[in-house]
Each structure stands twice: as structure tokens, then as C-alpha cells.
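As C-alpha cells, the structure follows; a few thoughts come after it.
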Amino acid sequence: MKAKVYVTIKQNVLDPQGSAVEGALHSLGFEEVGKVRVGKFVELELQTADRGEAEARVKAMCEKLLANTVIEDYRYELE
Amino acid sequence: MKGDRVMKFAVLVFPGSNCDIDCYKAVESTIGQPVDYVWQTSTDLSAYDAILVPGGFSYGDYLRCGAIAQFAPVMGALKQAAEDGKYILGICNGFQILTEARLLPGALLRNKALKFRCHSAKLRVVNNETPFTRDYAENELIDIPIAHGEGNYYCDEATLKELQANRQIVFRYEAGNNPNGSVDDIAGICNRAGNVVGMMPHPERAVHELLGSADGKRMFTSILNAWRERSGAAVIGG
């Protein structure tokens with residue numbers, strides 16, 4: 001099974017990288033771009049076939065290491 | 001007599017630490033107390049009275065600064081030392097590690113202007129009643145260098161109010177000279193008990209006029225004097 005984890009800076013926390021990319025896109029003529037947020041994408045291969053167990057384990061991985069919940073949100077997909 | 005005992009310092013070393021030697025030398029040259037490097041796989045810090053968590057790029061700063069180092073074997077012993085009231089000082093990457101380990105509240109974000117800032121910085125000593133700052137005057141302006149790309153201290157409103165109310169803000173960047181966008185110009189904070197301090201500036205790089213500033217020296221004399229007072233020994237002049 002594979003897990004795809006997305007980690008992003010919380011909406012109410014300043015994302016300096018997102019702001020820089022937003023400015024760069026504007027200066028390249030992509031004026032339609034509004035707010036930009038830059039995050040992380042983590043792909044995990046899991047040695048399990050049990051979806052319920054995988055979900056609980058991935059959630060624990062996010063809480064413990066993959067995201068810092070003081071400043072970041074996370075979501076994940078299993079496939 | 002307990003007062004005859006010397007104060008023992010540990011400098012933690014993680015793969016990627018690069019200010020460990022500076023910390024070690026600073027302890028030697030400012031207060032002449034015994035100091036050991038302690039590799040991150042150690043699980044016992046009971047021999048030490050103070051523990052320095054140095055700057056650098058522990059574990060390559062992969063994922064987030066301090067994110068992987070927070071689970072190094074030595075961190076269990078560090079948490080125990082914090083509970084035991086021992087003095088713990090995290091500098092730069094050490095501050096990031098202490099926040100990741102939740103020994104201090106908040107987190108360090110990428111600098112607002114995205115630039116790695118490496119220069120001397122004017123700091124205001126906001127709280128001179130901590131074991132780390134007692135040899136400074138209240139509101140004293142000191143010169144301590146910074147060198148970081150991710151020193152933008154962030155915490156939510158409620159946490160900030162707590163930090164302010166409990167006098168946990170130890171250092172602020174001088175008004176108008178915040179180099180990284182940190183909330184409330186915060187440069188360094190302590191835990192509620194006051195025995196754990198984290199700061200982005202590097203006092204260990206400011207221990208002699210030849211280094212551009214000797215203002216960091218009194219952090220080390222403060223720690224020694226606080227410890228001596230607690231141990232019932234005579235306090236020496238800084």
C-alpha cells in the first residue's frame with residue numbers, strides 16, 4: 001500500500017516561500033494568481049494490506065514527525 | 001562541601017552540529033568549568049549541571065529544522081534534565097530542536113525575507129531575572145551575532161500572551177531591527193520554570209572583544225552564578 005502525505009503551513013501562519021513564489025508568478029505575468037502556499041509532499045510505501053491499520057499508523061507518523069502541528073496542517077491519501 | 005564542586009557542562013553533538021566547538025570553548029574561556037562533548041546516542045546526562053544544545057544543521061535540517069534530532073536517544077535524558085531543573089540552553093538549531101521537542105513553546109519559521117541573515121544584532125535583555133541573564137541589567141542593549149535562515153519565531157496569540165504574562169520573553173531584537181519577522185520581536189524565550197532557554201542569536205560567538213563583542217560572556221557567568229547560588233556557594237563577580 002502507498003500513502004501520500006501533504007503537509008502545508010497553516011492558513012493563519014505566514015508562509016514566506018509561498019509569498020515569494022506568488023511575487024515571482026505575478027512578475028512573470030500570471031496576474032490571475034491569488035494566494036500561494038508552498039508545502040511538502042511525502043510518499044510512503046507501507047508493508048501492510050490492512051487499510052484501517054495503515055490509516056492509524058500514517059496519522060501517528062504525521063502527528064509525531066511528518067508535520068509540526070504548531071505551524072502545519074496535514075492530510076493523506078491511501079492507495 | 002557542595003560549594004567546592006565544579007559546575008559540569010555538556011555540549012550535545014548531533015550529526016550536522018557545527019557550533020559545538022564554539023560552545024565548548026566559550027565555557028572554557030569564560031568561566032573555566034569542565035565541559036564534555038556528549039554524542040547524541042548517549043542516554044544519560046545525570047553527571048551534568050548544564051546542557052548546551054548547539055547550533056548547526058542537525059540531521060541536515062531534513063524535513064524541518066530539529067525535526068529529526070528531537071528523537072535522538074539523548075533527548076529522553078535532556079527532557080529528564082529539564083524536569084530536574086537543570087540549566088538547558090539551546091542556541092540557533094538548538095532552539096529549533098527544543099521547540100520541536102516541545103521543551104519550549106512555538107516554532108521557528110523561514111525568515112520572512114527568505115534570506116539567511118548572518119551579522120551582529122542588537123538585543124534587548126527583556127528579563128534579567130533568569131539563571132541565564134542575571135548578570136545583565138534590565139533592558140540592557142547587547143550585541144550578539146545571528147546566523148540563521150529559519151529564526152522567525154512563531155506562536156499563536158494565546159501562547160504569546162502567556163509568554164508575556166509569565167515573563168518568558170528573555171531577549172527581543174531592538175525595535176525596528178527585527179531580522180527575521182519573529183512575533184513580538186522575539187529573539188529568545190524560556191520555559192515556564194525558567195531553567196530552559198532557547199535563542200536564535202549566538203552568545204558563544206561573542207565572548208571576546210576580538211570576536212567583535214564580549215556581550216555573550218555574561219550569559220555564561222550568569223549560569224555559573226545561578227548554579228553556585230543554588231548550590232550554596234559564594235557567587236563570583238562576572
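Side-chain atoms are counted along with the backbone in the values below, which use heavy atoms only and exclude waters and symmetry mates. Protein chains get the first letters and strands the later ones, always in sequence-line order, with residue 1 at the start of each.
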Atom [atom1] of residue position [X] - does it have more than 12 heavy atoms of other residues, nucleotides or ligands inside 6.0 Å?
{"X": "Phe71(B)", "atom1": "CZ", "value": "yes"}
{"X": "Arg37(A)", "atom1": "CZ", "value": "yes"}
{"X": "Lys10(A)", "atom1": "NZ", "value": "yes"}
{"X": "Phe41(A)", "atom1": "CZ", "value": "yes"}
{"X": "Arg192(B)", "atom1": "CZ", "value": "no"}
{"X": "Leu78(A)", "atom1": "CG", "value": "yes"}
{"X": "Lys40(A)", "atom1": "NZ", "value": "yes"}

* To do: Under 4.5 Å heavy-atom distance to chain B, tell me which part of Glu72(A) shows up: side chain, backbone, both or neither.
  =>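 Answer is side chain: those atoms of Glu72(A) sit under 4.5 Å from chain B.
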
* Hey, could you give me the CD1/OH distance between Ile71(A) and Tyr154(B), rounded to the nearest 0.5 Å? => 9.0 Å

* Gap between atom CG of Leu63(B) and atom CG of Asn68(A) - 0.5 Å precision -> 9.5 Å

Measure the shortest side-chain to side-chain distance between [X] and [Y] over non-hydrogen atoms and say whether it is less than 4.5 angstrom.
{"X": "Glu100(B)", "Y": "Val70(A)", "answer": "no"}
{"X": "Leu14(A)", "Y": "Arg110(B)", "answer": "no"}
{"X": "Gln70(B)", "Y": "Lys64(A)", "answer": "no"}

* Could you pull out all residues at least two apart from Arg75(A) that satisfy salt bridge (Lys or Arg N to Asp or Glu O under 4.0 Å)? =>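 Expected list: Glu77(A).
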
* Structure fact -> For Asn111(B) and Pro16(A), the nearest pair of non-hydrogen atoms, with its separation, is O-CB, 3.6 Å

* Best-contacting candidate, Leu66(A), Asn12(A), Asp15(A), against chain B by heavy atom pairs under 4.5 angstrom ->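 The candidate making the most pairs under 4.5 Å is Leu66(A).
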
* Toward chain A, the part of Asn152(B) with a non-hydrogen atom under 4.5 Å -> side chain

* Top residue by heavy-atom pair count (under 4.5 Å) with chain A, among Leu114(B), Thr159(B), Asp156(B)? -> Leu114(B)

* **side-chain contact (heavy atoms from CB on, under 4.5 Å) between Leu109(B) and Ile9(A), worked out** => CA-CA 10 Å; Leu109(B) 295 168; Ile9(A) 300 263; 4.1 Å; yes

